[in-house]
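Okay, so here's the structure we're looking at.
In this chain, numbering begins with 1 at the start of the sequence shown. Any value given below was found using the heavy atoms of this structure, including those in side chains, with hydrogens, waters and symmetry copies removed.
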Amino acid sequence: MILKNILKRNRILYYLYYYCMSILVNLLKLFIVPDKKLILFVSYGGRHYSDSPRVIYEAMLTDNRFKNYKLVWAFIEPERFDVKNKIKIDSLKYFITALKARCWITNVMVERALNFKGKNTFYFHTTHGILVKKDGPDVKNKKFSPCAKYKYDISLAQSEYEQKIEMRIFGLPKEKIKIVGYPKDDILSSYSNEYREKIRRALGISEGKKVILYAPTFRENRDFNESFKLNIELWRKDLGKEYVLLYRAHPVVKAEDKIDNDFFIDVTSYEIVEELMIASDVLVSDYSGIIFDYCIMHKPIYLWTYDFAEYEKERGFYFDIREELKASETEKGVINMLKTHDWTSEPKEVVDFQKKYETVHGRGTENSLNLIYENILA
């Protein structure tokens with residue numbers, strides 16, 4: 001971790017690391033025999049067993065087309081996860097496995113900020129979220145970016161809007177970006193009330209309480225450390241009788257443990273964020289991709305945009321999301337919007353948002369398995 005932080009801050013050391021390690025891994029490739037029955041999974045750089053890679057993996061376990069394949073997960077801390085075949089990321093075994101694999105399945109990247117790919121590897125990028133904030137070459141205030149190019153053979157999207165953004169930031173041709181939906185979002189279109197109640201009971205949510213899910217994005221200027229702005233007592237004072245507040249830090253930030261009580265529950269370590277969306281009644285966020293997933297359910301969404309001007313200056317936006325969904329720059333303003341929400345009808349602005357930005361969803365897993373199978377047979 002110390003070395004990683006040093007490399008992130010020092011351009012010269014980073015480039016030395018990038019070129020030297022990329023050369024070494026590509027030299028190693030000369031001695032590796034590809035395994036046509038090996039598939040490697042990575043979610044959020046090995047931090048999690050989650051997101052669309054998890055959904056695809058679990059679907060493969062019951063799909064006869066993949067019964068003879070070895071499915072391997074790479075984690076930063078393999079001991080945390082109950083998965084049959086797992087390896088430690090950034091180890092020699094990791095790079096050997098990656099070079100041997102017939103298929104890489106990830107929601108971010110597999111190369112660990114290096115430049116390599118297996119001799120016979122099909123690179124399947126599930127994408128972890130639609131973007132309102134700028135990314136890749138579009139970011140306004142880049143310190144320096146990894147040299148590695150995006151080598152995805154297929155990247156998933158859920159709308160033409162997202163397809164166009166991915167063409168820009170990944171440098172991919174249109175035909176490589178498939179608008180087929182995200183596997184992780186399938187459940188948001190098809191869950192039952194029994195499933196929702198089961199999750200709520202597991203979380204310890206009292207019957208009759210409405211649930212707020214607060215899920216902010218990360219801030220680069222915080223060096224991927226948590227930016228926790230909530231005044232929990234203020235929220236409890238105004239909303240505690242009617243609501244429970246779930247707090248979910250972004251999956252790439254380093255978050256501190258919080259003390260739970262009958263109103264506030266820290267669910268950052270809860271792996272399957274889609275279950276938290278299902279269990280909740282309303283989302284509070286800012287510029288996070290979770291907004292695009294959540295809108296599928298047509299539940300209310302409110303934005304707490306306390307640092308909009310700063311974020312616009314540092315990173316930039318593709319559009320002003322405050323013009324699409326209800327937003328406030330103050331904590332009190334967000335609380336007031338929640339207090340006065342009309343629960344008698346669907347939120348029109350959320351329905352319109354979904355129809356505009358989240359046009360294809362519900363069959364992402366099926367579509368992904370078909371795409372993967374067709375391509376790894378080639």
_Closer than 4.0 angstrom, basic N to acidic O: yes or no for Glu329 and Arg322?_
yes
Per side-chain contact (heavy atoms from CB on, under 4.5 Å), Glu275 is matched among Val267, Ile199, Ile187 by Ile199
Heavy atoms of Tyr294 and Ser280 approach each other most closely as OH-OG, 2.8 Å
Q) Is there side-chain contact between Leu40 and Tyr94, with heavy atoms separated by less than 4.5 Å? A) yes
- request: Before giving the answer on side chain to side chain contact (heavy atoms under 4.5 Å, CB included), spell out for Phe75 and Val83 the whole-Å C-alpha distance, their side-chain angles and the decisive distance to 0.1 Å.
  value: CA-CA 10 Å; Phe75 298 114; Val83 179; 4.0 Å; yes
- Message: For a quick check under 3.5 Å, do Tyr287 and Asp307 share a side-chain donor-acceptor pair by atom type?
- Response: yes
task: Return yes if some donor-acceptor pair links the side-chain N/O of Asp185 with the main-chain N/O of Asp293 below 3.5 Å, else return no.
output: no
Within the structure provided, determine whether Tyr182 and Phe292 are in side-chain contact (heavy-atom separation under 4.5 Å). no
The reported gap from CD1 in Ile130 to CD in Glu166 (rounded to nearest 0.5 angstrom) is 9.0 Å
field: Min side-chain heavy-atom separation Leu131-Ile169 under 4.5 Å
entry: yes
*State whether the side chain of Thr106 and the backbone N or O of Val42 hold a donor-acceptor pair below 3.5 Å, judged by distance alone.*
yes
- Task: For side chain to side chain contact (heavy atoms under 4.5 Å, CB included), just list the numbers for Glu197 and Arg201, CA-CA rounded to whole Å, side-chain angles, deciding distance to a tenth of an Å, and then say yes or no.
- Result: CA-CA 6 Å; Glu197 290 304 317; Arg201 287 194 298 271; 3.7 Å; yes
Donor-acceptor contact present, side-chain Ser43 to main-chain Asp51, <3.5 Å: no
Using a strict threshold of under 4.0 Å (side-chain N to carboxylate O), is an ion pair present between Asp352 and Lys348? yes
query: Take atom NZ in Lys88; do more than 12 heavy atoms of anything else shown fall under 6.0 Å from it?
result: yes
(message) Counting the benzene-type ring for Trp, do Trp73 and Phe81 have ring centres under 6.0 Å apart?
(response) no
Pair Tyr123 + Tyr150: ring centers closer than 6.0 Å: no
Do Ser159 side-chain atoms and Thr359 backbone N/O form a donor-acceptor pair below 3.5 Å? no
Taken to the nearest 0.5 Å, the spacing of Leu188 CG from Met277 CE works out to 5.5 Å
Only one of Lys209, Arg200, Lys299, Lys210 passes salt bridge (Lys or Arg N to Asp or Glu O under 4.0 Å) with Asp281, and that residue is Arg200
In short, Ile372 meets Ile105 closest at the heavy-atom pair CD1-CD1, 3.7 Å
query: Just by distance, with hydrogens left out, do Tyr357 and Glu324 show a side-chain donor and acceptor under 3.5 Å apart?
result: yes
Here the gap from Tyr195 atom OH to Ile278 atom CD1, rounded to the nearest 0.5 Å, amounts to 5.0 Å
For Trp104 and Ala98 the tightest heavy-atom approach is NE1-O, 2.9 Å
Applying side-chain contact (heavy atoms from CB on, under 4.5 Å) to Arg80 and not counting sequence neighbours gives Glu77, Glu271
Scanning both residues in full, the closest heavy-atom pair of Leu28 with Ile32 reads O-CG1, 3.3 Å
What about Phe41 and Tyr49, are their ring centers closer than 6.0 Å? no
One should read off an interatomic distance between Thr97 OG1 and Phe95 CZ, to the nearest 0.5 angstrom, of 10.5 Å
Could you check whether Asn375 and Arg102, counting side-chain N and O atoms only, form a donor-acceptor pair closer than 3.5 Å? no
Report task. Decide whether Asn231 and Glu331 meet the rule of one side-chain donor and one side-chain acceptor closer than 3.5 Å. Result -> no
Would you confirm whether the ring centroid of Phe263 sits within less than 6.0 angstrom of the ring centroid of Tyr243? no
Next on the checklist: Could you go through Asn370 and Arg65, starting from their C-alpha distance and side-chain angles, then the distance that decides it, and tell me whether this counts as side chain to side chain contact (heavy atoms under 4.5 Å, CB included)?
Outcome noted: CA-CA 10 Å; Asn370 290 340; Arg65 292 176 295 179; 2.9 Å; yes
Has Lys164 got more than 12 heavy atoms of other residues, nucleotides or ligands less than 6.0 Å from its NZ? no
**Message:** Tell me whether Arg236 is salt-bridged to Asp262, with the criterion being a basic N under 4.0 Å from an acidic carboxylate O.
**Reply:** yes
Do Lys184 and Thr126 make a side-chain contact, defined as non-hydrogen atoms from C-beta onward lying under 4.5 Å apart? no
Salt-bridge contact Glu233-Lys237 (side-chain N to carboxylate O under 4.0 Å): no
What one should report as the nearest heavy-atom pair of Ser189 and Gly362 is OG-CA, 4.0 Å
Tightest non-hydrogen contact, residues Glu79 and Lys86, listed as CA-NZ, 4.4 Å
Here the gap from Lys67 atom NZ to Thr62 atom OG1, rounded to the nearest 0.5 Å, amounts to 13.0 Å
